Amino acid sequence: MIKISNNHSRRKFVKGAIATGAVLILGGIVSNQASAKLPITRLREAPGGPLPARYVMVLDLDECIGCGKCTSACTTHHFVPDAQEWIKVFKVKEEEQEHYFVRPCQQCQNPPCVNVCPVGASFKREDGVVLIDHTICIGCRMCMAACPFHARYFNWEEPEHSPEELDHKYSPEAPWPHQKGTPDKCDFCVDELEEGNIAPCAKACPTGTIYHGDRYQDVVKSSLKTVTLSEMLEKRHAKRFKEDLGTEPNVYYLFEGGKMVE
Amino acid sequence: MKAGNNVEDSRIKTGSRIEDNRIEKIQASMHTTTFSPVDASFFSPLMNTGKGFYLFIGILISIVGFAVYAFYTQLQNGLIVTGLREPIFWGLYMSNFVFFIGISHAGTLISAILRIAQAEWRRPIVRMAESITVMAIMVGALFPIIDMGHPERIVNVFLLGRIQSPIVWDLLSIGTYLTGSLIYLYLPLIPDIAEARDKLTDVSRIKKWVYKKLSLGWTGSERQKKRLHRGTTLMAIIIVPVAVSVHTVVSWAFAMNLRVGWHTALFGPYFVGGAIYSGIGAIIIAMFIFRKVYHLENYIKYVHFKNLALLLLTLNIVMIYFTINEFLVGYYGGELLELTWITLFYQGTYMLPYFAYLALGLLFPAIIVAYPKTRTINGIVFAAIIVVFSMWLERFLIIVPTLATPIMPYPEGFYAPSWVEWAVTAGAFAAFILLYSLFTKFFPIISRYEIKEGEELAQANKEKN
């Protein structure tokens, strides 16, 4: 027991308390400043320098006929393993009417998958695209728990590789050959976008459901036409899927019907 | 306080009745009569190992070996050898992770909290509890690694770890907890190791070397005792918030995701409550086994079972409280997705394990412990067994039904663990029991020093009054 019986001990105690307080406050300020510099999402520059782009996709569900050509095109282009559908078409029955819901990766601006990744294998680029670095991923599947859209698939085994797939240099922007023990998802086909093209899924769509483009240029293109993004979003009352979760998707939906998804 | 060689001294010393033939049995098994009966109980396991023990260890090692083989097939072929698929991508491995880390709360509760509360009855059982903690953490912490798609890249978590990730929080808190628990187990063990060093001359060279090194030159001086007491008290105070943080952080690996059943403020307290609950059950079982196998009836008495049983009952009520909160609030609110999830328990796929948990984990243990008639040692141990079993089920039910609940227009997810997952699970339990058994062969499972400390304290108090 500390018996504070004279001024000397009391003074020592007070001095010590003030010193501790000062250290704590100083430490708080320093760490506050430091963490302000630490982004929640680790951004990487797109190859070739920073691109003043913010890529978006618009899905006109009123036009979708559920043919699944988008999924086939994507699978072919990326050598997507079996049992994975990076862009998936759901059939939604609502009362008497049937419609289709198309789900690519929503490329969220506040991506839960990036927030929870322990090693930063799930990362976001300056142009808003969320990618996977399969060379550092540990396969914990935390990102899959975090994604509210079921956009990610896991390679439970070594996928079958065609010679063309193997004859390709891996990069997160063009993530093949695929790797056992890591997840995969839609990568917004940034390699196509950077060349001014649209993704294979958008190109393959017979009804022009999928628009792909750049928010900063305010232009999106489908297989059938080119439109001004902001005008279309406003005119067609565009909405985002699971908006209330706050993940801020970069994918917009146009749908005049009732509920988009059951 | 030197103990004599005759029965009278022992009776006075321990304050309980020792069967004469039991003492003789113990002394005979030690091939010597230079040990007092008291010493005999403590050190007999360290000196004598029967054939039964070797057989037991052999069986455990084979189970672990089979588990290693199963894991090897997983390393070769990938996680496809498990039953995990989208949407249920976490299953038995993560359940075991949560379960074992939960069991590890046994040591903290008994040792640290009761030490701070100055509950004297804790003394004979603290080491059993503290060693459960260390073994359980070591086994439990393996499971996230076993569950990974690339276990060899675990080093990335250290090199590239992002502080924003719940997995890194797990690493930090579990790492801290393991270190703290090891220290907390080791400190009061030093005097007992020193005693083994001095008294056990008839053991293997390895053991002799271990005792010499680990006793750190303990001589029992007043200065050393004071330091030990201070260190142990400090660790007791530190380890309690660390332990609470560990299971809270483990719960956050689930709760931080926007998933029905997981994303609830209740998760931290729920996990901690469940951990302490299952931990107490584990100690009761360990107490019963060691008491029987090492003839420790003089030290582990009915009062220990009773007090732990009452603690078990307290935590049981806490768990019932949490369960009511979780399901009543969800059901009343009627949110569609939450109702889908709740239905999985009350009417759907997970009805059987859920009601088993309610009955065996919550209802029966409460009844058994609440009624004095059933609150016998055997009754209490039975209650502990069904508690531990049901809490394992409960860890499964925390993880899988949430993942089975569709958040997109998928059908309900299906998961059936494969033989690999069962083998690894069995291997983990076997490894835990193996480590624990080996521990008791090197170190006395009853903390002699703490009992002596208690007796000295009682003597000092008596002299004061």
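From a predicted model like this one, the values you see are computed outputs, not experimental measurements. Order of the sequence lines sets the chain letters (A, B, ...), proteins ahead of strands, with each chain counted from 1.
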> Pick from Ile154(B), Leu159(B), Asp147(B): which one has the most heavy-atom pairs with chain A under 4.5 Å?
Replying inline: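 Most pairs with chain A among the choices: Asp147(B).
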
Gap separating the [atom1] atom of [X] from the [atom2] atom of [Y], nearest 0.5 angstrom:
X         : Y         : atom1 : atom2 : result
Glu152(B) : Ile138(A) : CD    : CD1   : 10.5 Å
Lys180(A) : Ile80(B)  : NZ    : CD1   : 11.0 Å
Leu79(B)  : Arg141(A) : CG    : CZ    : 5.0 Å
Asp170(B) : Cys140(A) : CG    : SG    : 10.0 Å

>> If you count every heavy atom of other residues, nucleotides or ligands that lies below 6.0 Å from Glu160(A) atom CD, does the total exceed 12?
In response: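 For Glu160(A), atom CD is not crowded (no more than 12 foreign heavy atoms under 6.0 Å).
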
>> Are more than 12 heavy atoms, taken from residues, nucleotides or ligands other than Lys69(A), located less than 6.0 Å from that residue's NZ atom?
In response: no

> Which pair of heavy atoms, one from Lys242(A) and one from Ile407(B), lies closest together, and at what distance?
Replying inline: NZ-O, 2.9 Å

> For Gly149(B) and Phe154(A), which heavy atoms make the closest approach, and how far apart are they?
Replying inline: CA-CZ, 4.1 Å

Any heavy-atom pair between the side chains of [Y] and [X] that's under 4.5 Å?
X         : Y         : result
Met408(B) : Val261(A) : no
Asn115(A) : Met256(B) : no
His150(B) : Thr182(A) : yes
Asn257(B) : Met142(A) : yes

Is [X] close to chain A through its backbone or its side chain, or both, or neither, when contacts mean heavy atoms under 4.5 Å?
X         : value
Leu75(B)  : backbone
Trp169(B) : neither
Asn77(B)  : backbone

>> Heavy atom to heavy atom, less than 4.5 Å: which residues from residues 81-92 of chain B reach chain A?
In response: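 If one takes a 4.5 Å heavy-atom cut-off, the residues of residues 81-92 of chain B near chain A are Leu84(B), Arg85(B), Glu86(B), Pro87(B), Phe89(B), Trp90(B).
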
> Under the 3.5 angstrom rule, does the side chain of Arg153(B) hit a backbone N or O of Gly139(A) as a donor-acceptor pair?
Replying inline: no

> Do Arg162(B) side-chain atoms and Cys117(A) backbone N/O form a donor-acceptor pair below 3.5 Å?
Replying inline: yes

> What part of Cys137(A) gets closer than 4.5 Å to chain B, counting heavy atoms only: side chain, backbone, both or neither?
Replying inline: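 When you check distances to chain B, atoms from both the backbone and side chain of Cys137(A) fall under 4.5 Å.
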
>> Please classify the contact of Tyr153(A) with chain B as side chain, backbone, both or neither, using a heavy-atom distance under 4.5 Å.
In response: both

>> As a test of understanding, state which of Ile163(B), Val168(B), Leu171(B), Asn156(B) forms a side-chain contact (heavy atoms from CB on, under 4.5 Å) with Pro118(A).
In response: Val168(B)

